[in-house]
Amino acid sequence: MVPKAELHVHLECTVSPERARRLAARHGVRLPQACFGPDGGYRYVDFPDFLELTRVVGSCLRDERDYYDITRDYLDAAAQAGVVYQEMIFWPDLPRQNGFAPEAALDAVEAAMAEAGAAGGPLCALQVVLVRHDGAEACETTARWAAGLRRQSVRAVNLAGNEATHPPAQFAHAFAIARDAGLGIVIHAGEAAGPQSVREALSIPGVTRIGHGVRAVEDPALVEELADRGVTLEVCPGSNVMLGFYPDFAAHPLRRLHDAGVKVTLNSDDPPFFRTSLAAEYEIAARHFGFTEAELRGLTRNAVEAGFATTAERAGLRERLGAN
Ligand SMILES: [Zn+2]
């Protein structure tokens with residue numbers, strides 16, 4: 001089995017339909033029948049409907065135990081799929097909205113990470129999401145919260161949300177807070193918006209990784225810059241096709257970016273909502289983009305090198321990959 005590593009998955013959007021039903025039953029939440037297709041998987045008709053579905057599923061995460069369970073679900077599946085390194089993006093506002101402290105949710109996530117790791121699961125690290133359409137002030141508050149945690153598990157902040165209306169420069173102060181606390185910075189860019197959005201993300205000091213970034217391909221000079229600077233793209237092909245940013249894999253630039261020397265990685269983003277998984281993304285890369293096993297191993301190495309693991313952890317991961 002090809003060893004795998006993932007940098008870009010939103011923890012709250014890893015909840016499987018089966019787990020969502022169990023959480024809903026646990027808390028007496030009624031999930032609308034329209035949420036599920038005839039095969040039991042999630043169903044939505046367009047992007048607003050997708051957002052509403054993730055909101056409904058998120059509303060089922062009512063306590064620490066739920067966070068433990070969804071993290072264990074994801075990491076146990078990751079272990080089965082040969083994942084050696086796993087980063088997850090955590091949204092602190094969701095537990096707040098659902099009536100409990102995000103620190104308590106983090107305690108549960110950390111417990112699940114430690115126990116899954118002890119059972120042979122991946123080494124894990126967390127990022128805290130900054131939701132750009134909530135505005136600069138809200139993102140600064142969240143960055144300050146993340147910086148104040150001083151938890152070994154939390155390694156970065158990640159700017160997500162509506163990139164077209166909220167360019168990264170608006171969040172310079174939030175990034176500075178994160179940087180000063182030694183946290184890494186990731187920015188979602190070049191997914192819904194074009195190459196300019198990637199350029200703007202690259203202008204933020206400390207950015208070494210871009211979430212998605214695939215639309216950089218529309219600007220050859222930018223592709224060259226990404227390759228020269230060694231910036232890593234967290235590519236999510238299944239997500240991009242499911243959300244309609246590309247009509248099919250044939251039109252998707254994963255292969256072109258890779259062959260242009262850009263450090264690309266494979267990621268599942270919101271896997272059950274896109275009917276994918278990290279293992280499925282590796283299969284897609286092989287089947288639709290012709291990646292050889294050696295190239296797939298290279299993508300895993302890219303993720304390990306760009307990950308926010310400590311130096312000692314990265315050394316261990318390199319050894320593990322070398323031995324595979
Ligand atoms: Zn994302």
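Numbers for residues simply follow the sequence, beginning at 1. Quick caveat, the model's predicted, so the values are computed rather than measured. Whatever order the structure lists ligands and atoms in, that order sets their numbers, starting from 1.
The Zn ion (ligand 1) has no N, O or S atom of Cys236 closer than 2.8 Å. The distance from the Zn ion (ligand 1) to the nearest N/O/S atom of His212 is not under 2.8 Å.
The CD atom of Glu110 sits 11.0 Å away from the CD atom of Glu103 when rounded to the nearest 0.5 Å.
Among heteroatoms of the N, O or S kind in Asp269, OD1 lies nearest the Zn ion (ligand 1). Atom NE2 is the N, O or S atom of His188 at the shortest distance from the Zn ion (ligand 1).
Relative ring orientation between Trp145 and Phe90 is described as parallel, the plane-to-plane angle staying below 30° on a 0-90° scale split at 30° and 60°. The aromatic rings of Phe273 and Tyr42 sit parallel to each other, their planes meeting at less than 30°, with 60° as the upper class boundary.
Salt bridge Arg215/Glu191: absent, no basic N to carboxylate O contact under 4.0 Å.
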